[in-house]
Protein chains: 2
Amino acid sequence: MALARKWRLPLGYDQAMTAGLPPTDNGRLPLRERKKLRMRQALIDTALEVFTTRGFSGVTLDELCDAVDVSKRTFFRNFASKEDVAMAPTQDLWRAFLDELETREPDGRPLAEMLQQALFAALERMTEEGWNRRVLLSRRLAEKTPSMDAHGLRFCHETSRTALGTLHRRLHFPAPDDLRPQLALDLLVAAFHCALDRWTHRPDTPTRSDLATDMRNAFTALPGSLTLTVNPQAR
Amino acid sequence: MALARKWRLPLGYDQAMTAGLPPTDNGRLPLRERKKLRMRQALIDTALEVFTTRGFSGVTLDELCDAVDVSKRTFFRNFASKEDVAMAPTQDLWRAFLDELETREPDGRPLAEMLQQALFAALERMTEEGWNRRVLLSRRLAEKTPSMDAHGLRFCHETSRTALGTLHRRLHFPAPDDLRPQLALDLLVAAFHCALDRWTHRPDTPTRSDLATDMRNAFTALPGSLTLTVNPQAR
DNA sequence: CGCGCTAATGCCACTGAGTGGCATAACTGT
DNA sequence: ACAGTTATGCCACTCAGTGGCATTAGCGCG
């Protein structure tokens with residue numbers, strides 16, 4: 001068998017990839033599950049690596065699958081699309097965010113602030129070795145790859161809709177058709193993307209706390225974006 | 001030849017589809033151009049019709065092309081993808097918006113307001129017969145079709161980046177890396193999508209001025225989305 | 001320790017989107 | 001009417017994504 005080199009791949013795959021979902025000690029998961037996680041992580045890491053060097057469209061799925069010794073059929077049981085595998089790191093963050101929303105209690109402060117803190121908390125959870133590196137590769141890739149960007153945007157949009165459902169379920173707003181909660185979520189997403197953009201263009205390999213900084217900056221810039229004026233004679 | 005029924009299709013195709021781009025009197029365009037526009041419009045209309053009745057994935061491109069008597073090769077010279085043809089109506093609006101941005105002068109009022117007015121002006125330009133019906137079909141379709149939604153989101157994102165470039169070129173902001181202009185654009189897009197959502201779910205066939213109303217509502221809800229608070233004992 | 005049970009995997013064939021190349025037809029201006 | 005340009009049609013091809021079915025591998029139980 002080719003089992004010898006099957007798992008000899010860039011990073012360590014024994015850590016969790018479940019991000020912040022069930023905070024289970026996956027070291028004690030059934031063997032079958034751990035294998036699945038290893039394979040999933042292997043696919044993600046090799047995808048990021050090979051897409052980065054040869055371009056997203058420069059690599060066929062067959063090639064990727066060959067590199068990880070997985071059948072294409074199995075690939076599609078783990079990822080929805082070719083784009084999906086390369087967007088996994090960011091998706092982990094948003095899943096953690098949704099999870100945070102489930103447990104947080106309102107404290108009388110603005111909803112927008114609560115959402116921002118949930119996102120910070122989600123970021124804190126991304127403790128896997130090399131998570132920031134993966135996100136970085138993923139984002140830099142997405143910038144050059146329209147279809148990846150599109151899938152990423154849709155995922156965020158979908159997530160914000162799910163989050164909206166959670167908000168309505170947990171804290172009952174007086175008016176069920178109030179636009180503001182939805183807008184608050186969209187603003188959060190917009191600011192986050194802004195921050196992510198900046199972070200992605202930092203030199204070298206920025207850290208997770210760099211991202212937190214960029215997020216803080218974007219969040220504080222948010223109110224000013226509605227009031228910013230340009231004086232007519234500026235031209 | 002099948003030329004007899006070639007253009008016998010749902011709507012009138014002699015009107016412009018150039019939305020708000022060059023405000024040319026396309027009644028006096030060269031014959032070749034008018035034919036192209038007719039074909040383009042025929043593809044859009046039949047696509048919307050047939051996607052609506054049989055579902056986006058229930059229709060192959062070959063079928064669509066057959067219905068309009070166009071080769072698949074030609075289809076792809078006019079549209080970037082299968083999704084693209086069904087998203088054309090909304091794209092016209094954003095192109096008109098970009099065009100508005102090119103000519104508008106700052107008047108000392110907030111940038112966000114200026115952007116909103118540019119979008120209103122763009123909406124005013126969408127005077128084609130049945131534009132609202134097309135947007136409606138397009139949006140209702142996008143709701144059920146993830147890939148369409150994704151392409152739509154990406155197009156908006158791309159447009160807002162282009163707009164950002166225009167802003168920086170025409171009105172020189174003091175700080176070139178100020179996040180606020182970018183955020184202002186993203187908020188505009190978010191509010192617009194919010195409005196479009198509401199509009200799409202109105203009963204019957206809402207009008208263009210209904211959309212303007214929904215947009216106004218979304219824009220005015222924008223500031224409140226940052227300050228909205230939930231009281232802790234609301235649960 | 002071995003033996004079914006279940007669920008994931010691999011394999012194969014197939015659909016359909018999207019592309020490149022090249023010959024042909026259709027409009028253009030003179 | 002004629003030459004020049006430009007879009008179109010056709011053909012063959014790649015590759016993402018899917019369904020069905022046989023095979024394998026981890027799991028639990030005696």
Side-chain angles (χ1 to χ4, degrees), chain A residues 1-4 6-7 14 26-43 47 50-51 54-87 141 145-148 150-151 154, chain B residues 1-3 6-7 13 17 26-43 47 50-51 54-87 141 145-148 150-151 154:
Chain A
M1 318 272 150
L3 261 180
K6 189 166 187 175
W7 305 116
D14 262 330
N26 45 14
R28 280 296 148 234
L29 278 176
L31 172 58
R32 197 188 261 168
E33 298 302 315
R34 276 184 297 161
K35 261 190 144 177
K36 273 192 83 162
L37 292 186
R38 275 212 310 270
M39 178 191 66
R40 186 187 153 84
Q41 199 58 53
L43 279 169
V50 75
F51 288 166
R54 294 158 53 194
F56 181 77
S57 57
V59 183
T60 68
L61 270 184
D62 293 302
E63 289 171 323
L64 173 60
C65 291
D66 278 357
V68 191
D69 261 315
V70 162
S71 78
K72 199 171 59 169
R73 199 69 190 75
T74 300
F75 174 92
F76 281 107
R77 287 194 192 93
N78 287 272
F79 300 98
S81 67
K82 189 184 178 185
E83 289 81 19
D84 199 37
V85 67
M87 302 295 291
L141 217 37
T145 314
S147 70
M148 267 184 67
H151 275 74
R154 203 191 72 81
Chain B
M1 315 281 145
L3 261 179
K6 189 165 186 174
W7 304 116
Y13 301 112
M17 52 55 59
N26 45 12
R28 279 297 144 236
L29 278 177
L31 171 59
R32 193 187 266 167
E33 298 302 314
R34 276 183 298 161
K35 262 190 145 176
K36 273 192 84 160
L37 293 187
R38 275 212 310 271
M39 177 191 65
R40 185 187 154 84
Q41 199 58 52
L43 279 169
V50 76
F51 288 168
R54 294 158 54 196
F56 181 78
S57 57
V59 183
T60 69
L61 269 184
D62 292 303
E63 289 171 324
L64 173 60
C65 290
D66 277 358
V68 192
D69 261 314
V70 161
S71 78
K72 199 171 61 168
R73 199 69 189 77
T74 300
F75 175 92
F76 281 107
R77 288 195 191 92
N78 288 271
F79 300 97
S81 66
K82 188 184 177 186
E83 289 81 19
D84 198 38
V85 68
M87 303 294 292
L141 217 36
T145 314
S147 70
M148 267 184 67
H151 276 72
R154 201 192 72 81

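What you are looking at is a predicted structure, and each value in this text was computed from that prediction instead of being measured. Chain A is the first sequence line, chain B the second, and so forth, proteins listed ahead of strands; every chain is numbered from 1.
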Quiz item: To the nearest angstrom, how far is Asp66(B) atom CG from dG9(D) atom P?
Solution: 11 Å
Self-check item: Under 4.0 angstrom between Thr74(A) side-chain N/O and dG10(C) OP1 or OP2
Solution: yes
Quiz item: If you take all heavy atoms of Leu64(A) and Leu43(A), which pair is closest and at what distance?
Solution: CD1-O, 4.3 Å
Practice problem: Return the set of residues passing side-chain contact (heavy atoms from CB on, under 4.5 Å) with Lys82(A) (not counting sequence neighbours), or none when no residue passes. | Solution: Phe51(A), Phe56(A), Leu61(A)
Quiz prompt | Which residues share a salt bridge (charged side-chain N to carboxylate O under 4.0 Å, His left out) with Arg54(A), sequence neighbours left out | solution = Glu63(A)
Self-check item: Spacing of Asn78(B) atom CG and Gln41(B) atom CD [to the nearest 0.5 Å]
Solution: 11.5 Å
Quiz item: When the distance from CD of Glu33(B) to C1' of dA26(C) is rounded to whole Å, what number comes out?
Solution: 13 Å
Practice problem: Identify, with sequence neighbours excluded, every residue that meets salt bridge (charged side-chain N to carboxylate O under 4.0 Å, His left out) alongside Glu33(A). | Solution: none
Self-check item: Approximate separation, where rounding is to 0.5 Å, of Leu141(B) CG and Met87(B) CE
Solution: 9.5 Å
Self-check item: Pairing residues for Ser71(A) by the side-chain hydrogen bond (donor to acceptor under 3.5 Å, both in side chains) criterion, not counting sequence neighbours
Solution: Thr74(A)
Quiz item: Quick one: Met39(A) CE to dG10(C) C1', roughly how many Å, whole number?
Solution: 12 Å
Collect all protein-nucleotide pairs involving nucleotides 14-19 of chain C in which both atoms are nitrogen or oxygen and the distance is under 3.5 Å.
from    : atom 1 : to       : atom 2 : distance (Å)
dA17(C) : OP1    : Leu61(B) : N      : 3.3
dA17(C) : OP1    : Lys82(B) : NZ     : 3.1
dA17(C) : OP2    : Leu61(B) : N      : 3.2
dG18(C) : OP2    : Lys82(B) : N      : 2.8
dG18(C) : N7     : Lys72(B) : NZ     : 3.2
dG18(C) : O6     : Lys72(B) : NZ     : 3.4

Quiz item: Would you call Lys72(B) and Asp62(B) a side-chain contact if the rule is heavy atoms closer than 4.5 Å?
Solution: yes
Exercise. Let me know the distance between CZ of Arg77(B) and C1' of dG9(D), rounded to the nearest Å.
Key: 8 Å
Quiz item: Between dA7(C) atom P and Lys36(A) atom NZ, what is the distance in whole Å?
Solution: 12 Å
Please tabulate the protein-to-nucleotide N/O contacts below 3.5 Å involving nucleotides 1-6 of chain C, giving atom names and distances.
none

Quiz prompt | Partners meeting ring-ring contact (aromatic ring centres under 6.0 Å, His included) with Phe79(A) (sequence neighbours left out) | solution = Phe75(A)
Quiz prompt | Rounded distance (Å) that lies between atom P of dA7(D) and atom CZ of Arg38(B) | solution = 17 Å
Practice problem: Measure from the side chain of Lys35(A), starting at C-beta and using heavy atoms only, and say which of dT8(D), dA25(D), dA26(C) lies closest. | Solution: dA25(D)
Quiz item: In whole angstrom, what separates Asp69(A)'s CG from dA25(D)'s P?
Solution: 13 Å
Self-check item: Candidate pair Arg32(A) and Lys35(A), rule side-chain contact (heavy atoms from CB on, under 4.5 Å), full reasoning
Solution: CA-CA 5 Å; Arg32(A) 197 188 261 168; Lys35(A) 261 190 144 177; 5.8 Å; no
Quiz prompt | side-chain hydrogen bond (donor to acceptor under 3.5 Å, both in side chains) involving Thr145(B) - partner list, sequence neighbours excluded | solution = none
Quiz item: Roughly how many Å is it from CG in Leu37(B) to P in dA7(D), rounded to a whole number?
Solution: 13 Å
Quiz item: At how many degrees, to 10°, do the end axes of the helix from dC1(C)-dG30(D) to dT30(C)-dA1(D) meet when each uses five pairs?
Solution: 30°
